[in-house]
Amino acid sequence: MRSLRTGLSLASLVTGLALLLGAPPAQAADLPLRDLADAKNKVIGTAVAGSKLTGTYAEIAAREFNAVTPENAMKWGSVEPTRGTYNWAEADRIVDFAEANGQQVRGHTLVWHSQNPSWLANGAWTAAELRQLMNSHIATTMGRYQGRLATWDVVNEAFNEDGTYRQSLWYNGLGTDYIAEALTAARAADPSAKLYINDYNVEGVNAKSTAMYNLVRSLKERGVPIDGVGLQAHLILGQVPATLQQNIQRFADLGVDVAITELDIRMTLPADSAKLAQQAADYRQVLNACVAVPRCVGATVWGFGDADSWVPSTFPGQGAATPYDEGYAPKPAYHAIAEALGGTTTPPTGACTATYSVVNQWNSGFTGQVRIACDGASLSSWKANWTYGAGQQVTQAWNATCTQSGTAVSCSNASYNGTVPDGGSVTFGFNASWTGSNPVPTVTLG
Ligand code: XIL
C-alpha cells in the first residue's frame, strides 16, 4: 500500500500559472512603424550602414522600416575612391538587405559638394570634363541599380542659407544648369526612379526653401524631370519650424512629392525626461505635418538609434537625436512616431490575474487553490474558468461555488468575496481527484 503522501515536497507541487485579464501590457498589441506607415501609404525609412546590418540593428531596421537610405555607401567617395575603380560592396549589401525585407531604397546621393573622392575634389577640370564626369557618374551609379531603387537624391545641398547657389565644384564649373543637366541624365539612367533635390534648413518657409521653391517651379516650367523635394530635417530640440506643413504644401502644390529625408532632432547632452518628452512632441509635429499632406510621401530618420547617429561627432555636446536609445530601446520619440502614423500606445490600465496552484497532493487526490489579485484594476464579481487536461475532477470547493462539466471547471465567487479591490486579492480552494498526471491548467477570469 502506498503512503498517503507521495513524498514530493510541497514546493514542487506548488506550481502556478497566471493569466492576465483586462488590458495587455503597453505596446504589446502595437504594430511596427512600417505596418502603420503602410496602412497610411507612407514611407517610414532609416539611414543604414551596410557594415552594421546584423544582430539587433538588422532586426530593428527590417522590422520597423519600409525604406532604407544608405547613409554613406552610395556617395561618390564611397563608390569610386580611385578614379575608375569602383567599390559597390556596401551599397550592394544594403540594396540586397532591402529587397530581402521588402523595403524601398532611397539612393543618396549623386551630385554634391561633399564626400567626393579627393581625385575629383582636387582635380582641375574644364567645364567639358566636369560635365562628362558628372553625367557618367550618374549613368554608372544609377545604372548599376536600375529599376531597383525607388528614389534618388540626385542633387544635394545646392543652396546657401540666403538662397544663393552654393559655390560648389559643380556650380563653379557648370553654372546653375548643372542641376537641370544632372536631373536629365538621371532620368535617362533609370526612368523608374523618382528624382529629388535635397537640402537642409529648408523645412520651414525661409530664404533657402524659397530659393528651392523657385528652382523647382522653373524646372517644372522648363520640362526638366523633377519628381520631388527632400527636406533633410536635421532639427534642434524645440525648433520644429511652425511653417513646416505650409512649406510642404507649397511644394506639393507645384506638382512634386515631398519627403522628409534625414530626420533627427538633437539635444544638448545629457538627455533627461523633459528633453525626451519635448523631442517626442517634435517628432510628432514633423510626422503629423507629413501625414497631413497627401504628397508628402513619408519620413526617413537619419539612423534609428542614438549609438549610430552622426550627431555627436558632428555637433559637439549634442546627441540623443534618434528614436531609439544607445541600447536600442525605443524612446518617447518612437512612440510619438507610431502615434502620428495612427498607432496606439495606450499605457496599461491595470489587470486582475488568477494564479492556480496545487498546494497538496496524494495518491488519488489533491488540494488546489486559485488566487485572484488585482493591480490597477478591480472586480465586483468574478468567475474563474479552466479546463482539465488529464481527467482531474473537482469534488469539493470552499470560498467559491465550483461546477464541472466534462473537463470544464467554472468557479464563481461566494456571496462574501465577489469584490476584489485594486491592490487586493481573494483566494478560494478545492479538492479534486487525479490519476496518472496532474498538469496545471490555465485559468481565465470572466
Ligand atoms: C552624413 C553621415 O551621416 C555621416 O556618417 C558622414 O560622416 C557625413 O555625412 N546631409 C546629408 C548626409 O545629405 O549625407 C549627411 O550624412 C548628413 C547631412
Side-chain angles (χ1 to χ4, degrees), residues 32-34 36-47 64-69 71 104 106 108 151 153 196 198-206 208-209 212-213 228-252 256-268 271 274-306 309-311 315 318-325 330-343 345:
L33 299 180
R34 67 180 291 173
L36 297 167
D38 286 347
K40 288 203 172 308
N41 203 23
K42 297 284 180 186
V43 168
I44 185 75
T46 181
E64 298 290 337
F65 299 96
N66 61 16
V68 294
T69 304
E71 184 171 355
Q104 286 188 10
R106 180 175 196 92
H108 178 81
T151 31
D153 291 325
Y196 277 65
N198 189 50
D199 216 323
Y200 63 93
N201 288 350
V202 291
E203 294 75 32
V205 174
N206 58 36
K208 192 175 185 179
S209 66
M212 196 143 164
Y213 177 87
V229 169
L231 315 180
Q232 289 184 10
H234 294 294
L235 301 174
I236 296 169
L237 189 73
Q239 296 185 26
V240 179
T243 51
L244 173 61
Q245 188 180 323
Q246 176 194 338
N247 191 44
I248 293 172
Q249 186 67 58
R250 73 170 171 159
F251 282 108
V256 292
D257 291 338
V258 179
I260 310 291
T261 53
E262 304 182 15
L263 178 60
D264 52 26
I265 303 179
R266 61 188 183 264
M267 62 185 69
T268 301
K275 291 179 196 172
L276 293 174
Q278 176 66 54
Q279 184 184 50
D282 292 347
Y283 268 95
R284 187 190 309 273
Q285 194 180 332
V286 172
L287 269 293
N288 281 347
C290 184
V291 167
V293 181
R295 283 204 86 139
C296 185
V297 298
T300 290
V301 294
W302 205 241
F304 57 85
D306 289 341
S309 169
W310 75 309
V311 167
F315 305 95
Q318 304 282 301
T322 78
Y324 285 83
D325 72 13
K331 293 157 60 183
Y334 171 90
H335 299 295
I337 295 170
E339 286 168 19
L341 292 172
T345 52

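The two atoms that bring Y283 and A333 nearest to each other are CD1-CB, 3.5 Å, heavy atoms only. Residue G342 comes nearest to L36 through the heavy atom pair C-CD2, 4.2 Å, listed as atom of the first residue, atom of the second, then distance. Taking every heavy atom of both residues into account, A340 and V291 meet most closely at O-CG2, 3.7 Å. Of all the heavy atoms in A320 and A271, the pair that sits closest is CB-CB, 4.1 Å. Heavy atoms only, all atoms of each residue included: A47 and G303 are closest at CB-N, 3.6 Å. The shortest heavy-atom contact between V293 and A252 is CG1-CB, 4.1 Å.
Between R266 and H234, some side-chain heavy-atom pair lies under the 4.5 Å cut-off. The closest side-chain heavy-atom distance from P241 to L235 is below 4.5 Å. Put simply, the side chain of N247 does not reach to within 4.5 Å of the side chain of V258, judged on heavy atoms. For the pair F315/I236, no side-chain contact is recorded, criterion being any heavy-atom separation below 4.5 Å from C-beta on. Counting heavy atoms from C-beta on, the side chains of E64 and P323 never come closer than 4.5 Å. Contact annotation: the side chain of V43 approaches that of N66 to within less than 4.5 Å [non-hydrogen atoms, C-beta and beyond]. Side chains of Y213 and V229 form no contact here, defined as non-hydrogen atoms less than 4.5 Å apart.
Side-chain atoms of D306 do not come within 3.5 Å of backbone N or O of G319 as any donor-acceptor pair. Side chain of D153 to backbone of H108: no donor-acceptor contact under 3.5 angstrom is found. A side-chain donor-acceptor contact under 3.5 Å links T322 to the backbone of F304. A side-chain donor-acceptor contact under 3.5 Å links S209 to the backbone of G204. Under the 3.5 Å distance criterion, the side-chain polar atoms of T261 are left unmatched by any main-chain donor or acceptor of G230. For Q279 (side chain) and I265 (main-chain N/O), a donor-acceptor pair under 3.5 Å exists by modelled atom type. Listed for the K42 side chain is a donor-acceptor partner under 3.5 Å among the backbone atoms of C290. Here the side chain of R34 pairs no donor or acceptor atom with the backbone of I44 at under 3.5 angstrom.
To the nearest 0.5 Å, the span separating CG on D282 from CG on L276 amounts to 11.0 Å. The CG atom of N201 lies 11.0 Å from the CG atom of L231; values are rounded to the nearest 0.5 Å. In this structure, CG on N288 lies 10.0 Å from CG on L244, to the nearest 0.5 angstrom. With values rounded to the nearest 0.5 angstrom, K208 atom NZ is found 8.5 Å from E203 atom CD. Here the CD1-NZ distance, from I337 to K331, works out to 9.5 Å after rounding to the nearest 0.5 Å. Taking OG1 of T268 as the reference point, atom CG of L237 lies at 8.0 Å (rounded to 0.5 Å).
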(request) Give the intermediate values and the outcome of side-chain contact (heavy atoms from CB on, under 4.5 Å) for residues V202 and F251. (result) CA-CA 11 Å; V202 291; F251 282 108; 5.8 Å; no
(message) For a side-chain contact (heavy atoms from CB on, under 4.5 Å) check, start with the C-alpha distance between V311 and W302, then their side-chain angles and the critical distance, and finish with the verdict.
(response) CA-CA 9 Å; V311 167; W302 205 241; over 6 Å; no
(request) Go through the steps to decide whether Y196 and V256 satisfy the test side-chain contact (heavy atoms from CB on, under 4.5 Å), and finish with yes or no. (result) CA-CA 9 Å; Y196 277 65; V256 292; over 6 Å; no
